[in-house]
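Note sheet for the following structure.
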There are 2 protein chains.
Amino acid sequence: MDASQLTINPGASEPIYRQIVEQVRRMIASAQLPPGDLLPSVREVAGAHAINPMTVSRAYSLLESEGLLERLRGTGMAVAAQARRARPESERLALLDPRMQDLARAARELELPASRVLRRLGQLLEDGT
Amino acid sequence: MDASQLTINPGASEPIYRQIVEQVRRMIASAQLPPGDLLPSVREVAGAHAINPMTVSRAYSLLESEGLLERLRGTGMAVAAQARRARPESERLALLDPRMQDLARAARELELPASRVLRRLGQLLEDGT
DNA sequence: CCATGTGTATTGTTGTATTGATACACATGG
DNA sequence: CCATGTGTATCAATACAACAATACACATGG
């Protein structure tokens, strides 16, 4: 994996370390990052995005404690072998649930018709692909 | 408006004062809270949810500086007359865009088919109604 | 008039989250 | 062997959120 593949927004309200954690978590769940794959070094990521190496380290450590990454001492961090490759869609969908709950609640408070919301989200889902 | 209509989760990562701000903001945008409506007093809200009155006051002050609320001295806070009643759907939809962008990006990283995501969100949108 | 109800300013304290600077232990590979 | 590359433990700085306890200015309504 390349450091430039990580999208980091230092100005966002979402803490940097968590941006990294969630992004990597998702890419492992979909097997875009297969077991054994090496992640970019903390200094590499830090340099590429002008952030502190410790911030990246913190993200990696959390992922390790989740069992998603493995420390290869002296070499770096790799996607753990135990990280089940490509979890079933239903499990991956569950990862989105909190976000979707929030969205649904907000939409309700705005009294927006479901059709409008679904149509717009449909557009956004196309765009990226 | 009643204090019990406010949904507050003290344990969430989202700060309490902002939970209040955004909730009220949406209910005004959809005209569930029409201009002139009185909001529950800070002490009322604070009592009902076991939070600090100043936290509620902070939320109200922010909404006032946005022009959405008006101070009626000695009486309380009311939805401002200038708060356009029921903004058009397109504007309300725009308020959801950041959240939807995030969701779309996450779904993409999880390599989830759009249909799955849309179907699940559809369910959630029904539930609340 | 005055008790009672508004919101708010003030000051201080507490707990926590985030990021950063530095130094360290360790493994690799020429 | 040792320069160079890993990750990270440690301590500090900062900012933020929430609470607590007052005190205040003001308007309402009996």
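Below, all heavy atoms of this structure are taken into account, side chains as well, without hydrogens, waters or symmetry copies.
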Requested in this report: Using the closest heavy atom to pick a nucleotide of DNA chain C for each, name whichever of A/Pro10 or B/Glu44 lands nearer the 5' end.
Outcome: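 Closest to the 5' end, via its nearest nucleotide, is B/Glu44.
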
Output yes when at least one side-chain N/O atom of [X] is less than 4.0 Å from OP1 or OP2 of [N], else no.
X       : N      : result
B/Ser41 : C/dT6  : yes
A/Arg58 : C/dA17 : no
B/Ser57 : C/dT8  : yes
B/Thr55 : D/dA17 : no
B/Thr75 : C/dG5  : no
A/Tyr17 : C/dT18 : yes

With a 4.5 Å heavy-atom cut-off, do [X] and [Y] have their side chains touching?
X        : Y        : value
B/Leu125 : A/Arg108 : no
B/Met77  : B/Arg71  : yes
A/Met100 : A/Leu93  : yes
B/Arg120 : B/Arg116 : no

Query raised in the report: Start at the 5' end of DNA chain D and walk down; is the nucleotide closest to A/Met54 or to B/Arg73 reached first?
Result: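 Nearer the 5' end of the strand: A/Met54.
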
Query - Polar side-chain contact A/Arg43-D/dG5 base: donor and acceptor under 3.5 Å - result: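 Donor-acceptor pair under 3.5 Å: no.
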
If I take atom [atom1] in residue [X] and atom [atom2] in nucleotide [N], what distance separates them, rounded to the nearest angstrom?
X       : N      : atom1 : atom2 : value
A/Ile51 : C/dT19 : CD1   : P     : 8 Å
A/Leu62 : D/dA9  : CG    : C1'   : 15 Å
A/Leu72 : D/dG5  : CG    : P     : 18 Å
A/Asn52 : C/dT18 : CG    : C1'   : 11 Å
A/Ile16 : D/dA15 : CD1   : P     : 16 Å
B/Glu14 : D/dA18 : CD    : C1'   : 15 Å
B/Leu38 : C/dT6  : CG    : P     : 10 Å
B/Tyr60 : C/dG5  : OH    : C1'   : 15 Å

Query raised in the report: Is it true that A/Arg92 and B/Glu111 make a salt bridge, defined as a side-chain N closer than 4.0 Å to a carboxylate O?
Result: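 Judged by the 4.0 Å cut-off on N to carboxylate O distance, A/Arg92 and B/Glu111 do not form a salt bridge.
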
Report task. For the pair B/Glu22 and B/Arg18, find out whether any cationic side-chain nitrogen is under 4.0 Å from an anionic carboxylate oxygen. Result ->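 Salt bridge between B/Glu22 and B/Arg18, a charged N being under 4.0 Å from a carboxylate O: no.
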
Requested in this report: Drop me the distance from A/Leu33's CG to A/Leu39's CG, to the nearest 0.5 angstrom.
Outcome: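 Those atoms lie 6.0 Å apart.
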
Query raised in the report: Roughly how far, to the nearest 0.5 Å, is CG of A/Leu110 from CE of B/Met27?
Result: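 It comes to 10.5 Å.
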
Query raised in the report: Tell me, which stems hold DNA chain C, with a stem being 3 or more Watson-Crick or G-U pairs in a row and both distances under 3.5 Å?
Result: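 Looking at DNA chain C, the stems formed by three or more consecutive pairs are C:1-30 with D:1-30.
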
Check every atom of [options] against the side chain of [X] and return the nucleotide holding the closest atom.
X       : options               : value
B/Ser61 : D/dA17, C/dT18, C/dT8 : C/dT8
A/Arg71 : D/dA18, D/dT8, C/dG7  : D/dT8
B/Val42 : C/dG20, D/dA18, C/dT8 : C/dT8

